2 protein chains.
Amino acid sequence: MARKVSRRGGNIVTIHDVARHVGVSPMTVSRVINGEKNVREETRQKVMEAVEALNYTPNLAARSLASQDSSRIALIYSNPSMSFLSELLLGILEQSSQSGCQLTIESCDGPEGVADVLDKLKATGVDGVVLPPPLSDSSRVAKALKDMKLPFVGVATSRPSPDAPSVSVDDFKAAFAMTSRLIQLGHRRIGFIKGNPNSYYSQLRYEGYVAALAKAGLMAEETLVGQGYFTYRSGFDAAETLLVRADRPTAVFASNDDMAAGAVATAHRLGLDVPRDVTIVGFDDTSMASSVWPELTTVRQPISDMAALALKLLLDQIKTRRAGQTYAPVHEIRDFSIVERQSSAPLGEASTTE
Amino acid sequence: MARKVSRRGGNIVTIHDVARHVGVSPMTVSRVINGEKNVREETRQKVMEAVEALNYTPNLAARSLASQDSSRIALIYSNPSMSFLSELLLGILEQSSQSGCQLTIESCDGPEGVADVLDKLKATGVDGVVLPPPLSDSSRVAKALKDMKLPFVGVATSRPSPDAPSVSVDDFKAAFAMTSRLIQLGHRRIGFIKGNPNSYYSQLRYEGYVAALAKAGLMAEETLVGQGYFTYRSGFDAAETLLVRADRPTAVFASNDDMAAGAVATAHRLGLDVPRDVTIVGFDDTSMASSVWPELTTVRQPISDMAALALKLLLDQIKTRRAGQTYAPVHEIRDFSIVERQSSAPLGEASTTE
DNA sequence: CTGAAAGCGCTTACAG
DNA sequence: CTGAAAGCGCTTACAG
C-alpha cells in the first residue's frame with residue numbers, strides 16, 4: 001500500500017524524520033524552523049542541514065491546525081482597472097502562498113455593494129479583508145468592517161482608516177514630482193486628467209499637480225483639466241476635449257495609466273504624434289503602461305510589493321488580536337519613482353526615439 | 001483566556017458541536033458534509049439543519065491534514081497577455097479557495113525557462129502544475145513534467161498532451177466562425193494578424209480564418225496577413241503594414257484582443273475610423289476588449305471558467321493517482337461565442353452606433 | 001536549552 | 001446506515 005507516499009511524489013518527510021536524522025526531538029526541529037531563540041547554535045546548524053538534506057518542508061495544514069493559526073483572507077475589489085488588479089493579485093498570491101493563508105476573492109459594485117459581500121463572507125467565515133482602491137478609501141466600508149470586528153487592511157489608500165493598517169504611496173508627492181518633471185522638460189501648458197471624484201487619492205494627485213504648477217509660478221487653468229474616472233474610455237474622452245483646441249496643452253498628465261493609454265489613443269486619432277506633438281504621462285506603472293505604444297512615462301507604484309506587505313500586516317493584526325493584545329495600526333508609505341519611457345519628451349524637441 | 005475564540009470572531013463551531021446538536025456521531029456529520037451516500041435521509045436533513053443553524057464551516061486545515069489531501073498547486077506562466085493572465089487568475093483563485101488547495105505562482109521566460117522553475121518547485125514541494133499558453137502548448141514542457149511525474153493540466157491548449165487533462169476551446173472553429181461572420185457582414189478583403197508562430201493555437205486560428213475564406217470562395221491573400229506576437233505592440237505594428245495600403249482590407253481579424261487593441265490604435269493614428277473605415281475584431285474577450293474604445297467585437301473564450309475547471313481536473317488527477325489508480329486524462333472543450341461590440345460593422349455602412 | 005504529553009478538527013479504516 | 005478508535009503533522013503549554 002502506498003499510504004505513505006507523499007503529495008510530492010516521494011515519501012513524506014515529516015518533522016519526525018528530521019528529528020531522528022539529527023538525534024533531537026521534533027520540538028527542537030520545530031523551534032529551529034520557526035526561528036525561535038532558545039536553541040543552541042550548534043543544534044540549530046545541524047537541524048538546518050538535515051532539513052536541507054532531507055528536503056523537508058513543513059506541512060502547512062498540520063501547522064495551521066496545531067497553531068490554530070489558519071486564516072481565511074478575502075480580497076474584495078470593486079471595478080478597479082484590470083491591470084491594477086492583476087498586479088495586486090500577483091503580490092497577494094505570492095504572500096498568501098508564503099504565509100499559508102487561504103485566499104478568497106469577491107467583487108462588488110462599489111462601496112454600496114460591500115454590505116452584501118460582507119454578509120456572505122460572514123456566513124462563510126473569514127478572518128480578514130484586503131481592500132484595494134476605491135474601497136480602501138471608503139469610510140463607509142471601513143465602518144462596516146469595524147462594526148463586524150473584522151480586521152482589514154487598505155492597499156494604495158490615501159486616507160487610511162485609523163483603525164486599520166495600510167500601505168500606500170504619497171500620491172500628492174508623486175503627482176507633484178511628475179508635474180515638476182514635465183515642467184523641467186520645458187512644458188508650461190500642462191493638462192491633467194482627473195480620476196474618479198469619489199476617490200480621495202484622485203483628489204491628492206490633482207492637488208500635487210496644482211502645487212507643482214504653483215511652485216513654478218504657473219496657474220492651473222481650468223480648461224486644461226479634464227474629468228476622468230480611471231478608465232481607458234474616460235481618458236480617451238477627456239483627452240479629446242483637451243487636445244482638439246488650438247491652444248492645446250503640450251503635455252497631459254493622466255492620473256492613471258488606463259486613462260493615459262486612452263489619451264494616447266485620442267492623440268493618435270487626432271493626428272498628433274506622441275511625444276513629438278504632445279507628451280502624455282500616466283500613474284501606477286501597471287502592465288498597461290508598457291503594453292501600449294509608445295510605452296508610457298509614468299509614476300511607478302510598486303503595487304505587487306505593496307499588496308504583499310498589506311497582506312502581511314493584516315496577518316500580523318489577526319495574530320495580535322487572537323493573542324488578545326490590541327493592535328496598533330501601521331501605516332506604511334512606500335517610495336514611488338518616475339519611470340521615463342517613450343511617451344514624454346522635452347518641449348519642442350522632435351521625436352528622435354528610435 | 002480566549003483560547004477557544006475562533007478565527008471568525010465567534011466561538012469555533014466544530015464538527016463535534018454539530019454532532020452533539022443533532023445527537024449523532026461526528027462521523028455521521030462528516031459523511032453528510034462530504035456528500036457520502038450511506039446516510040439516512042432523515043439524519044441527513046437534521047445534520048444539514050444543524051450545520052445551517054450553527055453556521056458551521058469545516059476547518060480546511062484539519063480536513064486536508066486528516067485526509068492527507070492537501071495539495072500545493074503551482075501556476076507557471078510565461079509572458080502571456082496580462083489581461084489574459086488576470087482572467088485566468090480570477091478563475092483559478094475562485095476554485096482554489098473552494099477546493100482548499102494552496103496556490104503558488106511562478107513566472108518564467110518561455111518554455112526554456114521552465115526547467116529552472118521546476119527545479120525550484122521540486123525543492124519546495126508541489127503536487128501539480130497548471131499551464132496556460134504558451135507553455136501549455138510546449139511538448140518540451142510536457143515532457144519535463146512527465147519525467148518528474150508531476151501531474152499537470154493545460155488551459156487553453158490546442159495541442160493537449162496525451163498524458164495530461166486539458167480545457168480548451170476549438171480555436172479553429174472559433175476563428176472560422178468569426179471570419180464567417182465578417183464575410184456575412186459583407187467584408188471580402190479581410191486581413192488577419194497572426195499570433196506567435198511558436199504557438200499551435202495561433203496556427204489553428206489562422207487556419208480557421210483561411211478555411212472560412214475558402215468556403216466563401218475567397219483567397220487568403222498573403223499581403224493581407226500580418227505577423228504578430230500576441231502583444232499590443234505587435235498588433236499595432238502589423239496593422240500598420242496592412243492599413244497604409246491603398247487597397248487595405250475593410251476588416252482585420254487580430255487573433256487576440258491585445259493585438260486587436262493595438263490595431264485599433266494604429267487605425268486611429270492613420271486617421272481611420274473604427275468601424276466606419278475598417279472593422280477590427282479580436283479573440284479571447286479579455287478585459288482589454290471592453291476597456292478599449294471602440295469596444296472590441298471578439299471571440300469569447302470563458303477563460304475564468306476554463307481555468308477553474310482545469311484546476312478541478314488537476315485536483316482529480318492528483319487524487320486518483322494518490323489512490324494508486326491510473327488516471328485517464330480528460331480533454332474538455334468549452335464553447336466559445338462571438339460577442340459583437342462597437343468595433344465591427346457591415347461593409348460600407350456608416351458608423352451609426354450611439 | 002531541550003523534551004514528553006496532549007490536542008488542533010477532521011477523516012480513514014474498521015467494526016457492527 | 002452508524003459509531004469508536006486511531007492518526008494526519010504539527011505546535012502549545014508545561015516540565016525539567
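Within every chain, numbering begins at 1; the chains are lettered A, B, ... in the order of the sequence lines, protein sequences first and strands thereafter. Bear in mind that the values here come from a model prediction, so they are computed numbers and not experimental data.
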Salt bridge or not for B/D116 and B/K120, using N-O below 4.0 Å? no

Any idea which of [options] is nearest the [X] side chain?
X	options	result
B/A62	D/dG3, C/dC1, C/dG9	C/dG9
A/A66	C/dG7, C/dG3, D/dT2	C/dG7
B/R31	D/dG3, C/dC1, D/dG9	D/dG3
A/R40	C/dC1, D/dT2, D/dC10	C/dC1
A/V39	C/dT2, C/dT11, D/dC8	C/dT2
B/M27	D/dT12, C/dA13, D/dG9	C/dA13
B/P58	D/dC10, C/dC10, C/dG3	C/dC10
A/R63	D/dT11, D/dG3, D/dG9	D/dT11

Integer-rounded Å distance: [N] [atom2] and [X] [atom1]:
X	N	atom1	atom2	answer
A/I15	C/dA4	CD1	P	14 Å
B/K37	D/dT2	NZ	P	14 Å
B/N34	D/dC1	CG	P	17 Å
B/D17	C/dC8	CG	P	11 Å
B/H16	D/dG3	NE2	C1'	12 Å
B/L60	D/dC10	CG	C1'	17 Å
A/R44	C/dC1	CZ	P	9 Å

Closer than 4.0 Å, any side-chain N/O of [X] to the OP1 or OP2 of [N]?
X	N	answer
A/T14	D/dG9	no
A/S30	D/dT11	yes
B/S67	C/dT11	no
B/N59	C/dC8	no
B/N38	D/dT2	no
A/T43	C/dT2	yes

Taking the nucleotide of DNA chain D with the nearest heavy atom to each, does B/L65 or B/G23 sit closer to the 5' end?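 That would be B/G23.
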
Across the strands shown, which category fits B/S64 at heavy-atom distances under 4.0 angstrom: base, sugar-phosphate, nothing?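 B/S64: no heavy atom of the nucleic acid under 4.0 Å.
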
Judged by atom type as modelled, is there a donor-acceptor pair below 3.5 Å linking the side chain of A/S166 to the main-chain atoms of A/G154? no

Any idea which heavy atoms bring [X] and [Y] closest together, and the distance?
X	Y	answer
B/V169	B/R334	CG2-O, 3.4 Å
B/H331	B/A164	CE1-O, 3.0 Å
B/L103	A/S97	O-CB, 2.9 Å

Which residue pairs pass the salt bridge (charged side-chain N to carboxylate O under 4.0 Å, His left out) test when at least one of the two sits in residues 13-30 of chain B, sequence neighbours left out?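 Qualifying pairs: B/D17-B/R20.
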
Determine, stepwise, if the pair B/I73 / B/I318 fulfils side chain to side chain contact (heavy atoms under 4.5 Å, CB included). CA-CA 10 Å; B/I73 303 298; B/I318 294 171; 3.7 Å; yes

Dot-bracket encoding of pairs in DNA chain D, which uses [ ] for pseudoknotted crossings and | for another strand, Watson-Crick or G-U under 3.5 angstrom: |||.||||||||.|||

Using side-chain contact (heavy atoms from CB on, under 4.5 Å) as the criterion, point out the one residue from A/I76, A/L145, A/V155, A/T157 that pairs with A/L135. A/I76

